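What follows is a set of notes on a single structure, which appears directly below.
Everything quoted here is computed from the prediction, not taken from an experiment.
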Amino acid sequence: MGEELQRLLVDTIAEMKELKGELREFKIHVMGRVEKLEKKEGEQSRNLFSTLSLLVSSAALAVSIIINFFKPGGK
């Protein structure tokens, strides 16, 4: 019985080592995906900020043109 128990223990340890390696690979894969998603989120945030800035400056330019067009006393 001692020999069989030792064999089971060795097999179990080998399987645990294999699982540990698989979990390490999974962790690396997941962390890579998270980093890509964070990078993409940052780019989208910058794009939104740029778009809003462009809209605000365009609105300010339009208001300025309208005010100067209707300004009393000339062009």
Donor-acceptor pairs under 3.5 Å, side chain of residues 54-64 to any protein atom, not counting sequence neighbours: which ones?
{"residue": "S57", "atom": "OG", "partner": "S53", "partner atom": "O", "Å": "3.2"}
{"residue": "S57", "atom": "OG", "partner": "L54", "partner atom": "O", "Å": "3.0"}
{"residue": "S58", "atom": "OG", "partner": "L54", "partner atom": "O", "Å": "2.8"}

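Between the S45 side chain and the E41 main chain, no donor and acceptor come within less than 3.5 Å of each other.
Counting non-hydrogen atoms of other residues, nucleotides and ligands closer than 6.0 Å to CD of E43 gives a total above 12.
One distance of note links CE of M31 with CD of E35; it measures 6.0 Å at 0.5 Å rounding. Note that CG of L5 and OG1 of T12 are 9.0 Å apart. Values are rounded to the nearest 0.5 Å. Taken to the nearest 0.5 Å, the CZ atom of R46 stands 12.5 Å off from the OG1 atom of T51. With rounding to the nearest 0.5 Å, the separation of CG in L8 from CD1 in I13 is 11.0 Å. Considering CG of L9 and CD of E4, their distance stands at 12.5 Å, rounded to 0.5 Å. The distance from the CD1 atom of I67 to the NZ atom of K71 is 9.5 Å, given to the nearest 0.5 Å.
One hydrophobic cluster, built from ILVMFWY side chains closer than 4.5 Å, cannot hold both V34 and L37; they sit in different ones.
The salt bridge (charged side-chain N to carboxylate O under 4.0 Å, His left out) analysis of residues 23-33, with sequence neighbours excluded, yields no pairs.
Under a 4.5 Å side-chain heavy-atom criterion applied to ILVMFWY residues, the cluster that includes L19 comprises that residue alone.
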